[in-house]
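The next block holds one structure in the form of structure tokens; read it before the comments.
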Amino acid sequence: MVFLSGWINKKRDHGNLLFIDLRDNYGITQCIIDKDNSNFNQLEKTQLETVIQIHGKVVHRSKETFNDELETGEIEVLIEKFLILGECKELPMPVFSDQDYSEEIRLKYRFLDLRRKKIHENIILRSKVISFIRSEMEKLGFLEYQTPILTSSSPEGARDFLVPSRLNHGKFYALPQAPQQFKQLIMVSGFDKYFQIAPCFRDEDARADRSPGEFYQLDLEMSFVDQEDVFNVVENLLVNTFKRFSKNKLLTNKFPRISYSDAMIKYGTDKPDLRNPLVITDITDIFFREDVSFEIFKKLVKNGSKARCIVTKKTKDKPRSFFDKIDKWSKDEGFSGLAYFTIEKNKEITAKGPVGKFFSKEALEKIMSTTSAEVGDSIFLACDKLKDLEKMTSLARDKIAQELNLIDNSIFAFCWIVDYPMFERDEKTKKIIFSHNPFSMPQGDIKNIDFKNPLNILAYQYDIVCNGIELSSGAIRNHIPELMYKLFSIAGYEKDQVEKKFSGMINALSYGAPPHGGIAPGIDRIIMLLANEKNIREVTMFPMNQNAQDLMMSAPSEVSETQLKELGISLRGKK
RNA sequence: GGGGGUGUAGCUCAGUUGGUUAGAGCGAUCGCCUGUCACGCGAUAGGUCGAGGGUUCGAGUCCCUUCACUCCCGCCA
């Protein structure tokens, strides 16, 4: 006699014989009862998804009734009696089904949605990956420390979630965007290897790969290290994790390193998908030549625009519609379009296509040598102001590769993006601003940094990218207060402002701070890659919708007048 | 804040050029069925066509407004 408890996943009712698929966390077991049993009628009437306990006998199935798709497919349970442990009303959505459902109903009835196989497995995978990461980090000598959830609002970066203070009317806590300052303080406190599966809160708009509100990072920081030490730790960790939890191959075990400036030229973005073999080449110079008469591009280039191109190999036989489709796509995306031609050779090199006639033989040969294009290849050309051009060519590179089916989905292609600039010029205000983390250490000999040309200063700042998805960014930190004041002054902050805004940090760095650095890979995105999901909600147990609402718990919600009064808050009413 | 997509039965969807009483599968209810594993067969119930307004003899279908969900841009150091 066995006891088996679970949910009624599916019934197959033969009138005098009833099959029940009973489901629990581990899988499905077929149970069976016939009309001779006095419980038959009641079980026959019991709704799907009712939780029952079966008392019965495990028996081997006859060979012709084996079910290869079930782990328990060679046995079944003969039901003697059963108990209803949890009744189930009529379901708002089926649990046993491969159909897709609207997000609205899935999120409202998340507890039902989570019973379904794929997402149930994703959540279990998430738990196992996190557990694995913890044990790997501990093996490497890292210790997990918790940092505050209620902290202070920081002026840089994302919009903060604010929490009003009851004991300090008119003042607010902020939820941490990341434990950035705390982990640096942990280093200053003499703990030298910190990690945390850290919740991070940012009040910014959602995307498919970006939860609204909250997400998790593997936050880590180390003392007395340089960039290489951080790379070693993270590279090994990610290689081990991805090999353990996915069948997909890694393109390279050693992550290639690409400088930010190279990435922006070759891929138009600092998160390139390296599964895609296409590269972008700058050919602005071509349009200054006398023997090139493509006047639209020539005029744009003269006015400061850049011209770049993407070469596709052996596409001479692609129909005109292939090229036009990509040009049309570009215009639909709001860009200025992609010109194209295919390189041919009869007696001499010529270009076939709408704009081919504008290029002389010599100009074509020059293009071929700069781009390594060969006869039979095609070239897509774009011309625009640098930022727009980068954006378009980056998207075009993905689009063209998709159209040509060049991306191998069974591969993980990691890379490091390194040598980020410390500063950049704000396009609107024309002011110099920090391009990433203001606490990053500038590269080079600290005594000889060229502060006169701040845009040339590089930082020890790095990102990990996998398959075009940004997994994390990190940096070696600036632990020298004087240098920090100097850098902040370039970005327009006076010393007293810095002291006021970052008092905790600056103060701490003044009392013997070790050199330190770290990184923070995004847990949710790692799980997305491992589970092969395009949407972060598929790997999040209780996600909010795009408008940052929890449809199951009805959050956010209104609060009582009493609660507001205690906090010293009055609402201004709806806009 | 802006742009795109979707919205029809509990769920997933179809619905032609604007034309009679809005359909199907799953689910529910009832009946038949002892080896199914998406069991099978028959019947019944179930609709504010997201909401509001307009055009028209007539609107699920066309127009306007609006709401919800979603994808993208901005934003996310």
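Proteins get letters first, then strands, A, B, ... in listed order; numbering begins at 1 in each.
In this structure, the side chain to side chain contact (heavy atoms under 4.5 Å, CB included) partners of A:Asp21, at least two apart in sequence or on a different chain, are A:Asn9, A:Lys10, A:Arg12, A:Ile28, A:Gln30. The ring pair (Phe, Tyr, Trp, His ring centres under 6.0 Å) search around A:Phe502 returns A:Phe439, A:Phe488, not counting sequence neighbours. Residues satisfying the side-chain hydrogen bond (donor to acceptor under 3.5 Å, both in side chains) test with A:Thr65, not counting sequence neighbours, are A:Ser62. Legend: residues meeting side-chain hydrogen bond (donor to acceptor under 3.5 Å, both in side chains) with A:Arg397, ordered by chain and number and at least two apart, are absent. Evaluation of the side-chain hydrogen bond (donor to acceptor under 3.5 Å, both in side chains) rule for A:Glu424 yields no partner, not counting sequence neighbours. For A:Lys306, the side chain to side chain contact (heavy atoms under 4.5 Å, CB included) partners at least two apart in sequence or on another chain are A:Asp282, A:Thr284, A:Leu386, A:Leu389. The side-chain hydrogen bond (donor to acceptor under 3.5 Å, both in side chains) check on A:His14 picks up nothing, with sequence neighbours excluded.
A:Leu17 has its CG atom 7 Å from the P atom of B:G35, to the nearest Å. Regarding A:Glu69, its CD atom lies at a distance of 11 Å from the P atom of B:C37, rounded to whole Å. As a whole-Å value, the separation of A:Phe19 CZ from B:U36 C1' is 4 Å. Taking atom CD1 of residue A:Ile20 and atom C1' of nucleotide B:U36, one finds them 12 Å apart after rounding to whole Å. As a whole-Å value, the separation of A:Lys35 NZ from B:C32 P is 11 Å. For the pair A:Leu18 CG and B:C32 C1', the interatomic distance rounds to 15 Å; values are reported in whole Å. Counting to the nearest Å, the C1' atom of B:A38 and the CG atom of A:Asn67 are 12 Å from each other. Rounded to an integer number of Å, the gap from CG of A:Asp13 to P of B:G40 is 12 Å.
For the segment residues 468-476 of chain A, the set of residues with a heavy atom within less than 4.0 Å of an atom of RNA chain B is empty.
OP1 or OP2 of B:C39 sits under 4.0 Å from a side-chain N or O of A:Arg12.
By the 4.5 Å heavy-atom criterion applied to side chains, A:Phe451 and A:Leu487 are counted as neighbours. Side-chain contact check for A:Asp113 versus A:Val95: every heavy-atom pair is 4.5 Å or farther apart. Residues A:Lys118 and A:Glu533 have side chains in contact (heavy-atom distance under 4.5 Å, counting atoms from C-beta outward).
Contact annotation for A:Asp100: backbone-only contact, meaning every heavy-atom pair under 4.0 Å involves sugar-phosphate atoms and none involves a base. Using a 4.0 Å heavy-atom distance criterion, A:Ile105 is classed as a sugar-phosphate-only contact. A:Phe423 comes within 4.0 angstrom of nothing in the nucleic acid, heavy atoms only.
The list of side chain to side chain donor-acceptor pair (under 3.5 Å) pairs with a residue in residues 534-544 of chain A, not counting sequence neighbours, reads A:Glu103-A:Arg537, A:Arg106-A:Glu538. Here side chain to side chain donor-acceptor pair (under 3.5 Å) pairs that include residues 207-218 of chain A, with residues two or more places apart or in two chains, number zero.
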For this session: Could you encode protein contacts along nucleotides 24-29 of chain B as a string, one character per nucleotide from 5' to 3', using B for base contact, S for sugar-phosphate-only contact and - for no contact, with a heavy-atom cut-off of under 4.0 Å?
Result: -B-SSS
Problem set entry | Contact pattern, 5' to 3', of nucleotides 67-77 of chain B - B, S or - by protein heavy atom under 4.0 Å | -SSBBSBBBBB
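In a base pair of the Watson-Crick type (N1 to N3 plus N6-O4 or O6-N4) or a G-U wobble (N1-O2 and O6-N3), with each distance short of 3.5 Å, B:U17 is matched with no nucleotide. When both pairing distances are held under 3.5 Å, B:C75 makes no Watson-Crick or G-U pair with any nucleotide shown. Pair assignment for B:U12 gives B:A24, based on Watson-Crick or G-U wobble hydrogen-bonding distances that are each under 3.5 Å. As the counterpart of B:G31, B:C41 is assigned, both hydrogen-bonding distances of the Watson-Crick or G-U wobble pattern falling under 3.5 Å. Nucleotide B:U61 has no partner under the Watson-Crick or G-U criteria, as no pair reaches both atom distances under 3.5 Å.
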